[in-house]
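Computed from a predicted model, the values in this text were never measured in an experiment.
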Amino acid sequence: MVSRVLVAAVCCALLHGCGVDTEPPVESAAPLRSIADWPTILERGTIRFARRAWSGFETLPSQGLPAEQYRRLAERFARRHGLAVEWVVAANVDELLRHVQDGRADIAVHHLTVTEGRKERVVFSLPLTRSREWVVGVDEGGGFGIADHTAYVDSFNAHYPDALRVPVPAETDPIGFQGLIEDGVIDVTIMDEAAARAIVAASDRVRKLRELPEVHEHAWALRRENPVLKEILDAYLLKRHTTDDHRSEVRDWERIVSTGRLRMLTVNQPTTYYLWRGELLGYEYELVRSFAEANDLELEVIVAQSIGELFEWLAAGRGDVIAASLVRTGEREEEGLRFTLPFLQIRETFVTAGKPVTAVADLVGRQVAVNPMTSYAHTLRALAGDVDFELDFVELSTTAILEAVVGGEIDVTLVDGHRAGLEATFEPLMSLGLALEGDKGLRWAVNAGNAELGDRLDAFIDQNYRGYDFNVLHRKYFVNQGRIARQHEHRITGNDLSPFDLIVRPLAEDAGFDWRLIVAQMYQESGFEPDRVSFAGAEGLLQVLPRTARDLGVDADKLARPEVGIAAGIGYLSWTRQRFPDLPVGEQLWFALGAYNAGVGHVRDGQRLARRLGLDGSLWFDNVELAMLKLAEPEFARESVYGYVRGSEVTRYVREIRDRYRAYVDHFDRLEAGS
C-alpha cells in the first residue's frame, strides 16, 4: 500500500518524542567506555553528552527551539560544575540509548518519550516537558501510518486495536507523514501535540481528528549505575528548567531569573531572526542572546505573525521582551510599552535595481512604491511637496516590495538602511542609494511595569553599544565587504575546471555525482577560495558549517584544507539528496542543492506551497522554485512550518549552479568533438 514515501530531514525528537531512526549511521571514533558515577566524572574533568546526529539542521524557529535549548542547558550544567563537554553523536534513538547503556556517554540529551520499555534499559531524569498525542489526518477510520519502534505503536495498539496499520519506514518523520497524508498514501497517523500543531497549521489537508487522553513525559536518559549523577542532574533541572510551567505570565526580573529563561518575542525576518542551513541567525537574536548569556539565562524565541501580535503577546505575558526593530512612538508608550535605549541607529534608504537614487533630485519623474502603513509613507509624503515624483502605495510587505524591485516590477522603494544593506548582501542586483538625513533609533520593548528588566537591557546596550561585540555583529550582518563577483565565469580553455579537480573527481564519483557539478557548486560557494568563511561561520571550498562536518565524521578544524572541505561538502550534498528519494533522479539533484543552501525544511515548505498553488511539488524549475520565492513574504512564511527563507537566494543558487554546470558539460563536449 505504501507506494511513495516522503522522507524529510526534520529531527523527530524536536517535533515528537519518539524513537524514529531518522539518520544513517555516523562514522566516528568510538569514545571510551566508562560507567563511572559522579565522583569519577568530576575527577575526570569531562562529561559526555549523547545527542542525535543532524539535530542542528532541524530547528524550527517558531517552535521554541528545544534542541538548541537542550544543548545549552546541558553545557551550562557542565560549566556549573567545572567540567569540559564531549558530545557523542548517535544516528538514532536506539543508538543514543545504547551509548548510555554501554558507557560511551553519561547522559542522553534528547527529547525522549518515557516508556516502560525504555525504563528497562535506562533511567530518566525529571521530565522536562509533558504532552498529549494527537490523531491527525483526513479519516480516522482509514489506514494508520505508524513506524516501528516508536512510542506511537503502543498508542495505536491501545486506542485502535482493530484498525488497519500501514507499514511506514522508520526514518519517516512528521514532515514526511504530512506528505504521505497529503498524497493519499496513508489516511491518518499519531504524533505529539507540538509536531501535530505545526503540521495542521501548514497543511490544507491534514486535520486534527482526536486528542488522546494520556499525557506523556519527555526527559533525558542516564545509566542505572549512576544514581549520584541523576541526583545532581535532577536538582539542576528542577532549578533551571522545570520550575517554569510555560504558561503565559507577565514576569518581573526576579521571576525571570528564578526560571532561568528569558522569552524573546520577535518576527521571522532577515534583520531579526531566521534559520539558515540549520543555524539560528539574526542581528537582534544574537544581541538578545548575548544579554541572556551575560545573565546566565536560557533564551527562548517566540515568533509572532505580525507587529500587532507582538504587542498583544507581551501584554498577555507570552514573552518578556520584544526584539523586532521597533521605533519608539508616543502612542506605543501610552499603550504600556517601555522602550530601551536604541541599539542601532539607521537611516531610511532608497533601493533600486537600475539607476540608483543618489540625490533627492534623482527622484524626478520616477515611481516610488511603499506600503502606506509604514513610516516610509510619511517620509515620502513630505518629500513629494518638494520633488516631482510619483508616489505609489502598494499593499505589500517590505520583503515583497524588495523582490518586486529586483524583478523590475517596481522602480524605487524606501526602506530602513540596515534592512537594505542586509538584503543587498544576498541580492547582487539590488542597488542602495541615498540615505536620508535624520537617524532613527531601533529599540527593544518590555512591559512598562517591568522596570528592572528594562534597566538591565539599557545597561547592557549602554555598556556594549558600538563596542567590539556590537561592531562585530554589525559587520557580520550589515556591512558589505565587497561581495564575491560570482556573475562571471573563469575562462576555461582545457580540461581543468579548477585547481582542485584531482581531489573532486574520485570523491564525486564515489558519491554518484558528476564531478563537474561539484566544481560548479564549489565556485558558487567559495569562488575556489579554500580559506573563505561565511557570515554564518561556514568554511572551506563548499562552505560547510563546522557542526555539519562533525556530524559527518569530518574534522571541523580542517575544513580549510581542500580535501577535507570537499569531502565534507559532498557528504552533506549526498545527505540532502537522500531526503528526496521519491523524486526522479534528475530532480533529486536540484532539490538537494536547494536544501544544501536553505535547509531541507524550507524546501519541504516550498513543495507544500507549490501544491497549494497548483504547481508540481516534484519539479524544481518553474514550480517549487516559484513557491520558494513566496516563502520570503510574511503571509506565506507564517503559514509554513519553517517560516521565512530568502527565496530569491535559493532559486538563484540552484539556477546559477545548473547554468554553470551546463556550460562545463558543453565545454567538454566541444573538447571531445575537437572544436
Sorted by chain and residue number, the side-chain hydrogen bond (donor to acceptor under 3.5 Å, both in side chains) partners of Thr271 (sequence neighbours excluded) come out as Gln269
If you measure from the Lys or Arg side-chain nitrogens to the Asp or Glu carboxylate oxygens, is any gap between Asp296 and Arg79 under 4.0 Å? no
Would you say Trp444 and Phe339 make side-chain contact, with heavy atoms under 4.5 Å? no
pair Leu83-Ile41: side-chain heavy atoms closer than 4.5 Å: yes
When you measure from the side chain of Asp234 to the backbone N and O of Leu126, does any donor-acceptor pair fall under 3.5 Å? yes
Trp220 side chain reached by Phe124 side chain, heavy atoms, under 4.5 Å: no
Would you call Leu344 and Tyr465 a side-chain contact if the rule is heavy atoms closer than 4.5 Å? no
Go through the side-chain N and O atoms of Gln543 and Tyr572 and say whether any donor and acceptor fall under 3.5 Å apart. no
Trp575 vs Val600 side-chain heavy atoms within contact, under 4.5 Å: yes
Nearest heavy-atom approach of Thr399 to Ala632 is CG2-O, 2.7 Å
What pairs with Phe311 under ring-ring contact (aromatic ring centres under 6.0 Å, His included), at least two apart in sequence or on another chain? none
Considering all heavy atoms, the nearest Ala445-Leu314 contact: O-CD2, 4.1 Å
State whether the side chain of Tyr644 and the backbone N or O of Glu633 hold a donor-acceptor pair below 3.5 Å, judged by distance alone. no
Lys/Arg N to Asp/Glu carboxylate O, Arg332 vs Glu335, below 4.0 Å: no
How about Ile461 and Phe291: do any of their side-chain heavy atoms sit closer than 4.5 Å? no
Can you check whether Glu348 reaches Val415 side chain to side chain, under 4.5 Å on heavy atoms? no
Under the criterion side-chain contact (heavy atoms from CB on, under 4.5 Å), which of Asn226, Leu229, Asp106 is the partner of Trp38? Leu229
Got a sec, which residues hit side-chain hydrogen bond (donor to acceptor under 3.5 Å, both in side chains) with Glu539, two or more places apart in sequence or on another chain? none
Please test Arg646 against Glu423 for salt bridge (charged side-chain N to carboxylate O under 4.0 Å, His left out), starting from the C-alpha separation and ending with a verdict. CA-CA 9 Å; Arg646 297 181 186 281; Glu423 295 283 4; 3.4 Å; yes
Between Asp551 and Arg51 (salt bridge meaning N to carboxylate O under 4.0 Å), is one present in this structure? yes
Between Lys476 and Glu286, is there a side-chain N and carboxylate O pair less than 4.0 Å apart? yes
What residue pairs, at least two apart or across chains, pass side chain to side chain donor-acceptor pair (under 3.5 Å) with a residue in residues 450-464? Arg338-Asp455, Arg338-Asp458, Glu452-Arg456
Measure up the His81 and Phe77 rings against each other and bin them: parallel (under 30°), tilted (30 to 60°), perpendicular (over 60°). perpendicular
Do Arg419 and Thr398 touch side chain to side chain, with heavy atoms closer than 4.5 Å? yes
By salt bridge (charged side-chain N to carboxylate O under 4.0 Å, His left out) - contacts of Arg98 (at least two apart): Asp94
Write down the atom of Ala50, the atom of Ala105, and the distance for their closest heavy-atom approach. CB-CB, 3.7 Å
Are His218 and Ser131 linked by a side-chain donor-acceptor pair shorter than 3.5 Å? yes
If you measure from the Lys or Arg side-chain nitrogens to the Asp or Glu carboxylate oxygens, is any gap between Arg318 and Glu312 under 4.0 Å? no
Look at the rings of Tyr283 and His474 and say which category their plane angle falls in: under 30° parallel, 30 to 60° tilted, over 60° perpendicular. perpendicular
Hey, are Thr259 and Arg251 close enough side-chain-wise for a donor-acceptor pair under 3.5 Å? yes
Do Asp555 and Lys558 meet the salt-bridge criterion of a basic N to acidic O distance under 4.0 Å? yes
Is any side-chain N of the basic residue among Glu217 and Arg130 closer than 4.0 Å to the acidic one's carboxylate O? yes
What is the distance from atom CG of Asp416 to atom CD1 of Ile346, rounded to the nearest 0.5 Å? 3.5 Å
What pairs with Ser325 under side-chain hydrogen bond (donor to acceptor under 3.5 Å, both in side chains), at least two apart in sequence or on another chain? Glu284
Cation-pi geometry met for Arg255 and Trp253 (6.0 Å, 45°): no
